[in-house]
Protein chains: 2
Amino acid sequence: MFDPVCPSPLVPFRVGDKWATLILRCLQDGPRRFSELRVPLRGVTAKSLTQSLRGLERDGFVVREEYEGRRVEYALTPLGRGLLVPLDTACEWTREHWDELIDAQEAGLSATDH
Amino acid sequence: MFDPVCPSPLVPFRVGDKWATLILRCLQDGPRRFSELRVPLRGVTAKSLTQSLRGLERDGFVVREEYEGRRVEYALTPLGRGLLVPLDTACEWTREHWDELIDAQEAGLSATDH
DNA sequence: AGGGCTGGTTTCCCATTGGATACCGCCTTA
DNA sequence: TAAGGCGGTATCCAATGGGAAACCAGCCCT
């Protein structure tokens with residue numbers, strides 16, 4: 001899922017911007033630091049990560065907590081945690097219909113090639 | 001929902017491009033013609049509608065059926081109909097948490113104003 | 001014969017998204 | 001004291017998304 005060559009862009013569901021769902025998923029097991037998020041989200045630039053986090057924060061899905069020193073943690077709010085529920089439904093549907101999705105897409109693509 | 005001043009862009013869920021979910025919703029009660037889709041989808045240009053329909057068709061969520069004369073109908077495929085299920089879950093979650101979403105968003109906005 | 005409707009296509013243009021890169025102040029550690 | 005990690009910002013740039021407007025062929029109606 002976090003692999004740069006993963007086909008997740010094929011998934012018809014998106015939440016917010018490109019990285020938002022992945023960030024929510026990264027936070028589901030507890031708060032994470034900025035640099036801890038950059039590891040699983042391979043390929044995300046600092047700018048994009050900041051942008052997405054600011055968006056999620058502005059919309060109340062994530063809180064930014066600054067501790068002593070420069071330590072900063074991002075955590076889900078109750079609202080953000082709630083958002084994971086329908087997101088999981090969507091992910092599960094996608095997994096269940098993955099083969100159909102791929103087949104339909106390949107059929108659609110080969111229909112325009114010729 | 002189809003009103004041009006409707007706040008649906010605030011919803012954190014999107015499927016495909018800007019018009020895709022609305023098109024799917026328009027098709028849930030049966031096939032519709034191109035011009036029939038333009039009515040409820042107020043403000044959609046012919047180009048955008050064509051683009052979205054081609055995308056949904058390419059991905060196997062919608063079929064384009066050309067009948068005698070120039071009559072053309074768009075209908076959901078089984079896959080497209082299935083997609084409505086998790087989409088409904090997402091819509092319902094959004095409706096249930098609408099007030100929280102709005103409140104959180106206003107709080108987030110006023111935090112940057114000052 | 002002309003005007004309108006249907007189902008688009010084409011062109012142009014602009015705003016937004018997001019990647020690459022360089023840079024930054026602060027802090028800890030060696 | 002220098003090096004490196006942390007948590008970003010600033011700048012530039014290319015690709016994409018999507019609206020506006022013009023156009024079009026084929027049909028139907030009068």
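Just the heavy atoms: all of them, side chains too, but no hydrogens, waters or symmetry mates, feed the values below. By convention in this document, chain letters (A, B, ...) are assigned in the order of the sequence lines, proteins followed by strands, and residues within each chain are numbered from 1.
- The interatomic distance linking B/Arg54 (CZ) with C/dG7 (P) rounds to 12 Å, in whole Å.
- As a whole-Å value, the separation of A/Lys18 NZ from D/dG17 C1' is 15 Å.
- In the set C/dG25, D/dG8, C/dG19, D/dG8 carries the atom at the smallest distance from any side-chain atom of A/Phe34.
- Residue A/Val72 places its side chain closer to D/dG7 than to any other of D/dG26, D/dT9, D/dG7.
- The side chain of B/Tyr74 lies closest to C/dG8 when the candidates are C/dG8, C/dT6, D/dG8.
- Distance B/Leu49 CG to D/dG17 C1': 15 Å, rounded to the nearest Å.
- B/Ser48 has no side-chain polar atom (N or O) that falls below the 4.0 Å cut-off from OP1 or OP2 of D/dG18.
- For the pair A/Arg32 and D/dG7, the criterion of a side-chain N or O lying under 4.0 Å from OP1 or OP2 is not met.
- Nucleic acid contact for A/Arg38: none, since no nucleic acid atom lies under 4.0 Å from a heavy atom of the residue.
- Following rounding to the nearest Å, B/Arg70 (CZ) and D/dA25 (C1') show an atom-to-atom distance of 7 Å.
- When distances are taken from the side chain of B/Arg64 to each of C/dG25, C/dG8, C/dG18, the shortest belongs to C/dG8.
- Between the CG atom of B/Asp17 and the P atom of C/dT17 there is a distance of 15 Å, rounded to whole Å.
- At least one donor-acceptor pair closer than 3.5 Å links the side chain of B/Thr50 to the backbone N or O of B/Ala46.
- The main-chain N or O of B/Gly16 is found under 3.5 Å from a side-chain atom of A/Arg14 such that the two form a donor-acceptor pair.
- In this structure, A/Trp93 contributes its side chain and B/Gly82 its backbone to a donor-acceptor pair below 3.5 Å.
- Set against C/dG7, D/dC6, D/dG19, the side chain of B/Ser35 has C/dG7 as its closest nucleotide.
- Here the side chain of B/Asp59 pairs no donor or acceptor atom with the backbone of B/Phe61 at under 3.5 angstrom.
- We find that CG of B/Leu37 is positioned 10 Å from P of C/dG8, with the value rounded to whole Å.
- The distance from atom CZ of B/Arg14 to atom P of D/dG18 is 8 Å, rounded to the nearest whole Å.
- For the pair B/Glu36 CD and C/dT6 P, the computed distance is 9 Å after rounding to whole Å.
- A/Thr77 places a side-chain N or O within donor-acceptor distance of the main-chain N or O of A/Gly60, the cut-off being under 3.5 Å.
- One can find a donor-acceptor pair under 3.5 Å joining the base of D/dG19 and the side-chain atoms of B/Lys47.
- Close to C/dA20, at under 4.0 Å from its OP1 or OP2, lies no side-chain N or O of A/Thr45.
- Closest to the side chain of A/Arg33, from the set C/dT9, D/dC6, C/dG7, is D/dC6.
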